[in-house]
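Letters A, B, ... mirror the listed sequences (proteins, then strands); counts begin at 1. Only this structure's heavy atoms are used, side chains among them; waters, hydrogens and symmetry mates stay out.
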2 protein chains.
Amino acid sequence: MNTLARVWEDQLKQEGYRVTKPRRVVLETLASGAVHLTPEELYRRARRRHRRIGLVTIYRTLTLLERLGMVQRVHVEAGCHSFAAVRLNRGHHHQLVCRTCGRVEEFPDCALDSVLHRLQTRTGFAIEAHHLEVVGRCPECR
Amino acid sequence: MNTLARVWEDQLKQEGYRVTKPRRVVLETLASGAVHLTPEELYRRARRRHRRIGLVTIYRTLTLLERLGMVQRVHVEAGCHSFAAVRLNRGHHHQLVCRTCGRVEEFPDCALDSVLHRLQTRTGFAIEAHHLEVVGRCPECR
DNA sequence: ATCTTATTGAAAATAGATTTCATTTGTGAG
DNA sequence: CTCACAAATGAAATCTATTTTCAATAAGAT
C-alpha cells in the first residue's frame, strides 16, 4: 500500500470515521493515479480493486475526503467535476491543469500573496480565502 | 438597447447568423445583468423580456455566443456552469466577493500576469485561461 | 409578398448526482 | 473472541441539468 493512502487512513481514524474496505479502495486508487479523476473514472478504476463497490460510495467518499482536505475539487471544461489528491506538501497550493490530458501540476502561491495583500489594502476587504485555477496544455499535448 | 448588445447583434449578422427575437433577448439580458449568470438564472431573467422563450434556446444561444467569444464560461464551486459577458474595452477582470453581503468588487489582474508568465516558462505549459476568485468581508461587513 | 432554410419551443431522452432504505460491517465493550 | 450497535454500504428510485428530436415558425433574400 501507498504511503499517502496510509497517512489518509490514519487521518480518517483520527477524525472518528471508520476505515472500511470501500474507503480504503478509494484512497488507494486516488493515491496511485497521477492525474485528476472524475467520479466516473475513479469508479471504473476502483472496481478493479473491489468489484462490489458502488458509484454512490465513490461520491460519498469524495465529499468526505474533500471536507477533510485530502482531495481537491477541480473544475475543467469537459466533465466539469474532477478530483485530485492533495499530496503531502503542507502549504496552500494551486493547480495548473492540462486541458487535453488532465495532467495536474501544483505550484505554491507565494507570488500571489503580495497581489492579495495589495488588494486588501486598496479595497478594505478582509481577505479570507482564494481559489486560483490555471488551465493550459502541457508540453506533451501541445 | 445597450451598446454592447448592439455590437453583438452586428457581429452575429456578420458571421451569417440570424438576429432573432430570442437571441436579442439573451444578448440584452447578458449585457445588462450581473457579472455571471447560470443558464437557469439567465432563463428566469430573459423570460421577463420575452415570455415564450424556451430554456433550450438559452442553452443553444450560450453555446453559440461562447463559440463567437462574446461570453465566457466560468466554473464556480456551487452551480458549476456560469456565463459572463465579455465586455468591451475591458481586459480580463477578477472578482472579490464579500462572504457576508455578496457584494462584488472587480479588479484587473495585471499583477497576476507576471506570475503566470513565470509559471509558463518554468513548466512548459501553454497557459490558456485562468480563474481567480477571492472571498473575504467587505469594509461594511467587518 | 413569397420562398427557403435557420431557428425555435415542447417533449422525450440522456447524463450526472443525490436521497432513501434495508442490509452489511467496523469497532469498542464485555 | 464474541456481541451489539451505530456507521457505512449498495441498489433502486429520485432529482436536476443538459441535449436531442422534430414539427412549426419566422428571418432575410429575392
Item to check | Charged N-O contact under 4.0 Å between Arg44(A) and Glu41(A) | outcome: yes
Checklist outcome for this item: Whole-Å distance, Glu66(A) CD to dA17(C) C1', equals 14 Å
Next on the checklist: Please encode protein proximity along nucleotides 19-30 of chain C as a string of B, S and -, counting only heavy-atom distances under 4.0 Å.
Outcome noted: BB----BBS---
Next on the checklist: If I take atom CZ in residue Arg52(B) and atom P in nucleotide dT8(C), what distance separates them, rounded to the nearest angstrom?
Outcome noted: 13 Å
Identify all side-chain donor-acceptor contacts of residues 51-62 of chain A below 3.5 Å with residues at least two apart in sequence or on another chain.
unit_1   : atom_1 : unit_2   : atom_2 : d
Thr61(A) : OG1    : Thr57(A) : O      : 2.7

Checklist outcome for this item: Separation of dT8(C) atom P from Tyr59(B) atom OH, nearest Å, is 16 Å
Checklist entry - Ile58(A) CD1 to dA15(C) C1': how many Å, rounded? => result 18 Å
Item to check | Nucleotides bounding contact with chain A, strand DNA chain D, heavy-atom threshold 4.0 Å | outcome: dA6(D) to dA12(D)
Checklist entry - Got a second to check how far Glu28(B)'s CD is from Arg6(B)'s CZ, nearest 0.5 Å? => result 10.0 Å
Item to check | Non-neighbouring partners of Arg18(B) that pass side-chain contact (heavy atoms from CB on, under 4.5 Å), sequence neighbours left out | outcome: Thr20(B), Arg23(B)
Checklist entry - Think Arg45(B) forms a cation-pi with Tyr43(B), using NZ or CZ under 6.0 Å from the six-ring centre and within 45 degrees of its axis? => result no
Checklist entry - By side-chain contact (heavy atoms from CB on, under 4.5 Å), which residues pair with Thr123(B), not counting sequence neighbours? => result Leu96(A), Glu105(A), Leu119(B), Phe125(B)
Checklist outcome for this item: Of Arg23(B) and Tyr43(B), the one whose closest nucleotide on DNA chain C sits nearer the 5' end is Arg23(B)
Item to check | Interatomic distance, Leu64(B) CG vs dT7(C) P [rounded to whole Å] | outcome: 8 Å
Checklist entry - How far does CD of Glu9(B) sit from CG of Leu4(B), to the nearest 0.5 angstrom? => result 11.0 Å
Checklist entry - Taking five pairs at each end of the helix from dA1(C)-dT30(D) to dG30(C)-dC1(D), what angle separates the two helix axes (nearest 10°)? => result 40°
Checklist entry - Taking CZ from Arg51(B) and C1' from dA10(C), how many angstroms apart are they, rounded to a whole number? => result 17 Å
Item to check | Distance-only polar pair, side chains of Arg49(B) and Ser32(B), donor-acceptor under 3.5 Å | outcome: yes
Next on the checklist: What I'd like to find out is whether the side chain of Leu42(A) reaches to under 4.5 Å of the side chain of Phe83(A), using heavy atoms alone.
Outcome noted: no
Item to check | Interatomic distance where CG belongs to Leu12(B) and P belongs to dA6(C) [whole Å] | outcome: 16 Å
Checklist entry - Touch check for Ile53(B), heavy atoms < 4.0 angstrom, all strands: base, sugar-phosphate only, or nothing? => result sugar-phosphate
